[in-house]
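To keep things clear, I will list the structure first and then write my remarks on it.
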Amino acid sequence: MIKKHASFGYMNGQMGRLHKAILAEKLKSVGITYGQIGFIMQSLRYPGRSQDELSMILSVDKAATARAVANLIKMGLLYREENPENRRQKLVYPTEKAKAIKEDLHKELMAANKIMISGLSGEEAEKLMELMGKVIDTSRDHLGMPRVWDYL
């Protein structure tokens with residue numbers, strides 16, 4: 001039974017921490033952290049995205065993106081190149097090492113998602129995703145950030 005005083009922020013935080021806990025063992029075996037998943041998956045799906053685009057899509061500030069990408073470069077999972085059309089811009093690409101873990105990482109992410117929504121009917125899961133999308137859009141609109149659905 002959900003208590004009336006449980007806030008949206010608390011519930012959202014719990015979902016994030018539980019998702020992280022479900023994935024913890026797998027991420028440990030691959031040698032990456034929960035916060036690095038988005039950068040790896042975006043580079044695999046859309047090689048050549050700029051760091052600015054990654055920041056916008058993942059809702060992470062530019063300094064944190066730069067640190068995360070730098071760490072993933074050190075780990076041999078990503079590399080950066082200058083954008084030939086804008087030399088100040090850095091484009092991010094996956095390495096062969098990242099490509100080698102793509103299927104396994106994707107499989108584990110989908111398994112964690114399945115565990116988390118296993119108590120819902122198909123209709124409930126669909127409605128949850130729809131409502132979460134609305135909350136994300138409303139929040140991004142409030143912060144003056146673009147919607148990300150066209151980028152995913």
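Along the sequence shown, residues carry numbers from 1.
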Check: Arg140 side chain, Pro146 main-chain N or O, donor-acceptor pair, under 3.5 Å: yes
Joint hydrophobic cluster, Leu143 plus Val60, side-chain heavy atoms closer than 4.5 Å: no
Separation of Ile115 CD1 from Leu18 CG (nearest 0.5 Å): 11.5 Å
Sidechain-backbone polar pair: Lys97 side chain, Met75 backbone, donor-acceptor under 3.5 Å: yes
Close side-chain approach of Leu91 and Gln89, heavy atoms under 4.5 Å: yes
Side chain to side chain, Phe8 and Met11, heavy atoms closer than 4.5 Å: no
Shortest non-hydrogen contact from Val92 toward Ser43: CG1-CB, 4.3 Å
Distance, nearest 0.5 Å, that separates CG of Asn113 from OG of Ser118: 11.5 Å
Linked, directly or transitively: Met41 and Leu78 (ILVMFWY side chains, under 4.5 Å): yes
Considering all heavy atoms, the nearest Leu54-Val69 contact: CD1-CG2, 4.4 Å
Min side-chain heavy-atom separation Glu81-Lys90 under 4.5 Å: no
Salt bridge Asp104-Lys26, side-chain N to carboxylate O under 4.0 Å: yes
Parallel, tilted or perpendicular: ring planes of His19 versus Tyr34, cut at 30 and 60 degrees: perpendicular
Transitive ILVMFWY side-chain link Tyr46 to Val148, under 4.5 Å: no
From CE (Met116) to CE (Met15), nearest 0.5 Å: 6.0 Å
Heavy-atom neighbours of Lys20 NZ exceed 12 at 6.0 Å: no
Test item: Trp149 and Ile136 side chains (from C-beta on) under 4.5 Å apart, heavy atoms: yes
Approximate separation, where rounding is to 0.5 Å, of Leu23 CG and Thr33 OG1: 11.5 Å
Pairwise side-chain contact, Val30 with Leu105, heavy-atom cut-off 4.5 Å (strictly under): no
Common cluster, Ile32/Leu109, ILVMFWY with side-chain heavy-atom separation under 4.5 Å: yes
Any Arg147 side-chain heavy atom under 4.5 Å of Asp137 side chain: yes
Within residues 114-127 or reaching into it, pairs that qualify as salt bridge (charged side-chain N to carboxylate O under 4.0 Å, His left out) - sequence neighbours excluded: Lys127-Glu130
Atom pair OG1 (Thr95) and CG (Leu44), whose distance is rounded to the nearest 0.5 Å: 8.5 Å
Backbone of Val135 reached by a side-chain donor or acceptor of Thr138 within 3.5 Å: no
Distance-minimising heavy-atom pair for Ala66 and Arg80: O-NH1, 4.2 Å
Any side-chain heavy-atom pair of Glu53 and Ser50 under 4.5 Å: yes
Approximate separation, where rounding is to 0.5 Å, of Glu82 CD and Glu85 CD: 12.5 Å
Any Ile101 side-chain heavy atom under 4.5 Å of Leu77 side chain: yes
Minimum heavy-atom distance Tyr79-Ile73, with the two atoms named: CA-CG1, 4.0 Å
Where at least one partner belongs to residues 60-73, residue pairs that pass side-chain hydrogen bond (donor to acceptor under 3.5 Å, both in side chains), sequence neighbours excluded: Ser55-Thr65
